[in-house]
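Here the structure is laid out as structure tokens; the discussion comes afterwards.
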Amino acid sequence: MAREKPRLGVFTRRALILAAGQVGLFGLLGLRLYRLQVRDGAHYAILAKDNRVSARLLAPPRGEIHDRAGALLAGNKPHWRALLMVDGTPDATTDAKATLASFNRLVPLDAAERLRIQREIKAHRPFIPVLLRDFLSWDQMAALAVNAPALPGLVVDVGTTRLYPFGTTMAHLIGYVGPPTEAEVRASPVLALPGIRVGKAGVERGRNGALAGVPGMVRLEVNALGRVIRNLARNPGTPGETVRLHLDANLQSQAVARLASERSASAVLLELGSGAVRAIASTPSFDPTLFDTGLSARQWKAWMTDKRAPLLDKALAGIYAPGSTFKPVTALAGLTSGGISPGTRFFCPGYLDLGGHRYWCWEHGGHGWLDLPSAICQSCDVFFYHTALATGIDRIAAMARRLGIGVPPEIDIPGAASGFVPTREWRRAHGKAWTLGETVIHGIGQGFDQVTPLELAIMAARVATGRAISPRVAAAVGARALPETAFPELGIPESYLAIVRQGMREAVNNPLGTAYASRLTDPKMEMAGKTGSAEVVNLSKAEAAANFNTANLPWQFRPNALFIAFAPVASPRFATAVVVEHGHEGAEAAAPIAKVLMEAAFGMVAASSARVAGAPA
Amino acid sequence: MSVKGGPLQRAEGRLLRVTSFDFTRKIARINWFFVALVVLLGGVGALSLYSATGAFDPYAKRQLLRLAIGFALMLAIAFVDIRIIARLAWPLYAVSLVLLVMVLKFGSVGLGAERWLSIGGVAVQPSEFMKVALVLALAHWFRRASWERIGNPFFLLPPLAAILLPVVLILKEPNLGTALIVLAIGATTFFAAGVRWWSFALAFVLGGLAAPIAFAHLHGYQKARILTFLDPARDPLGAGYNIIQAKIALGSGGMWGQGLMHASQGRLDFLPEKETDFIFTLFAEQFGFVGSIALVGLLCLIVCTAGAIALSARHQFGRLVAFGIGMNFFLYVFVNLAMVMGLIPVGGVPLPLISYGGSALLTTMASFGILLSVQVHADADFTPKREGV
């Protein structure tokens, strides 16, 4: 009892001290609970809701591009891609190396890919899978699916790629898509969605707004692993709209097939009245899907070093000296300014001497006395030297702009360049006085004169109609047809236009005409045109005097061959421009292509009227 | 104890002490209030596990089975004479120590630490056994020690070694949380046994000096836990994730809770280890502040009842054992709840009776059996027979 008593007392005292501590700590827990659940309860309730509901943007399917008859020019196709779940989910791999090794046996990865994958695995964010390989073939996908048990963490899912059924045939016009740039993502954060593509060129870029659609949103209840429990709300968004073009895929294919026989060429064919671009081609071309599916450095380098510039849309942005195709401009400038009259005749001895310099006609033997239609027909240089001198460069430049040369073309796709016609003012601004000799050579489309094939087509269309025709690529966006513009009159007297058209008609149909070989014999399709041949290197005086044959030059130094035309003469329906780089002579290289194009265009009309006739009422 | 009343009571020191108990008497002396508390808490645990999945499978069913086994074990132990248990104290301690060594040698690795030992196909956590065995061993050591003897530092060296040996072994697993709990159990038992205040002051100073050195020797994940506890936003999807998600689940319970089966956070797997260490968050989200306080109150009642049993025992062994078992339970509850509420760093400590798990539940039930046995045999005579009456 003696030792029990103090011991019991000590125990009781100390047990009570500790019990007080225990109760105190329980009280602390209660206070903490009050703080978390009552005082801050509302705050945590919001956090809980955020946890539970995850809003995900849905990438809308990109709109299709159709030709005038509804043929698919650009669409979407699903493709398989292989992803590796590295962590965060129950089906994630625990041994990424082993899975990669098995994957490599089925779908061989090259060294660069392996390096990228290893880097991404090391730097990956939780719950975000690592992309192993995009664009799996059917066989690869099947092989991966069959071997799934040996590939822990591997997921094969579906993405979409842009599909271009016509491939290279209209790559420049349609353009291509690619991942958005960082600046684009900053401007529109929606573009950060994986797999989103934006138009980078051509119609894909020009009509990106309509094609892109509006992203949808789905509100999902998710668990901590990001696994979807159920859909709470779903707004599918708006798929991109279909853009229907004026282009005729069949005509385009024929144009490209014919152009492909030249090393580097381009052509534009417009339907007058609406300004519809029925064909616009530039060869050689490129495969537009490569920009979406991944471009090899080798392919890029090949494109960049190719002298024929396959990536450049030469129809829209190829800049050439117009050569003799410019003569209708000089003629109309002369007529409207009074420099010449419809009855003016000049004598061509084969040259013009001016200020101690002799300016040769291409026909060194001379054409003799010529009126305007004959001068256009035979493409006499001396006649237009005189016309230019009588008109002045500023008036010529003004007429060129009126006919669509040297002003940015009004066209509904990006990338069109504009040509150039100099003025005295411009020359002065560059510190030099304009000389008459310069006026002489600019009258026949040499010197500083520059045009694009599209501008040449616009010029031909305007000469053919007297209206300020501009090209139109898109016909309809979604269900609504784009309004057709009534192109205003150019204000050039019809009689003047008639004389120029007469000259162009003779150039093709008169046996003396430069393009007689390319005439269309069917009177209903009678074609009027103008050849052009523009030197790309300066010939020495001696060479020029000796009537040097430029056909003997190496390809890249030969003159460019150009041709503009419209048809039928009686009531023009189509206008075209063809440029064959280093084709030597317009009559020889470009006009035959225009002939094929015109025939195809008339064939297109026949085909569509047959379709209309055959359609049930 | 002041002496009141007549000669009969005066003689209680010897005469009323009993050496044998009959069965009906034992049943009558079982603390049925405590038993009811245990059943109630076990039920809350099973309900929480049921709500985790919305089905009896896989957790609730197995937990109910374990509760039944544990309950039977508790009552069975309650009938075992406390003197037999006292005799088994050191052998149990020795077995637990051997098991701890075996964990380090052959244990299986769970979540980066060796904590489990497979015995006959059943995974056991020897550190759980050690907590109870240590209480028994220390109580046995101090059962007859006089106030003066306890003042002698050399008398304290063997029990001190008995504490530090398992602490070091558990630290090596490594399981910092359990090691600290074992250390705290030892310290509070020393305190209750009457070890002088200055010893604790000395230990405290030495510990304070050793802490920085100890931190330098902690494992990377242990340091990370302490650092993320200080700033959970450091790594919201990594180590800080548990703390943030636990607080969100708790807080979204609000005053009245989301209602049974409406725990969005728990059901949607945002809660890590929701059926084991973080089960309280699951309960609190569904039953709110009111339910949580009620549950904490029930847990507090268990601790208080254990304290009352300790005070009612008439032998030092029973007092220290009952007190130690209550303290063990309290430390579990407090460390788990404080961890879940973001008050202390996260360490793998389950909530006894509620969390899913066999080892901890059975050990808790067994310790409660001993606790009940203390009260049933409160009057047991611990006088050595050889010394005579």
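Residue numbers begin at 1 in each chain, while the letters A, B, ... track the order of the sequences. The figures that follow rest on heavy atoms only: side chains count, while hydrogens, waters and symmetry mates do not.
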(request) Below 4.5 Å from any heavy atom of chain A, which atoms of B:Phe289 appear? Answer side chain, backbone, both or neither. (result) both
(request) Rounded to the nearest 0.5 Å, what's the gap from CG on A:Leu36 to CG on B:Leu343? Could you check? (result) 8.0 Å
(request) Can you measure from OG (B:Ser292) to CG (A:Leu29) and round to the nearest 0.5 angstrom? (result) 11.0 Å
(request) Mark yes when over 12 heavy atoms from residues, nucleotides or ligands other than B:Arg149 sit less than 6.0 Å from its CZ; otherwise mark no. (result) no
(message) I'd like to verify something: which residue of A:Ile17, A:Leu18, A:Leu16, A:Leu28 has the highest number of heavy-atom pairs under 4.5 Å with chain B?
(response) A:Leu18
(request) Heavy-atom distances under 4.5 Å only: say whether B:Phe323 touches chain A with side chain, backbone, both or neither. (result) side chain
(request) Count the heavy atoms of every other residue, nucleotide or ligand shown that sit under 6.0 Å from CZ of B:Phe155, and state whether that count exceeds 12. (result) yes
(request) Ignoring hydrogens and angles, tell me if any N or O in the side chain of A:Gln22 forms a donor-acceptor pair with the backbone of B:Cys304 under 3.5 Å. (result) no
(message) If I take atom CZ from residue A:Arg14 and atom OG1 from residue B:Thr189, how far apart are they, to the nearest 0.5 angstrom?
(response) 12.5 Å
(request) Heavy-atom distances under 4.5 Å only: say whether B:Ala306 touches chain A with side chain, backbone, both or neither. (result) neither
(message) Using heavy-atom distances under 4.5 Å, tell me whether A:Ala15 contacts chain B through its side chain, its backbone, both, or neither.
(response) both
(message) Please determine whether the number of non-hydrogen atoms from other residues, nucleotides or ligands lying under 6.0 Å from atom CZ of B:Phe204 exceeds 12.
(response) no
(request) Please assess A:Leu33 against B:Phe280 for the test side-chain contact (heavy atoms from CB on, under 4.5 Å), listing each intermediate value before the final yes or no. (result) CA-CA 11 Å; A:Leu33 273 176; B:Phe280 183 75; 3.8 Å; yes
(message) Just so I understand: if I count every heavy-atom pair under 4.5 Å between each of B:Ile150, B:Val333, B:Leu331, B:Val303 and chain A, which residue has the most?
(response) B:Val303
(message) Strictly distance-based, threshold 3.5 Å: is any side-chain N or O of A:Arg13 a donor or acceptor partner for the main-chain N or O of B:Ala192?
(response) no
(message) What verdict does the side-chain contact (heavy atoms from CB on, under 4.5 Å) test give for B:Met341 and A:Arg35, after you've listed the backbone C-alpha separation in whole Å, the side-chain angles of each residue and the deciding distance to 0.1 Å?
(response) CA-CA 10 Å; B:Met341 294 177 200; A:Arg35 230 179 108 150; over 6 Å; no
(request) Below 4.5 Å from any heavy atom of chain A, which atoms of B:Trp256 appear? Answer side chain, backbone, both or neither. (result) neither
(message) Determine whether the aromatic ring centres of residues A:Phe26 and B:Phe334 are separated by less than 6.0 angstrom.
(response) no
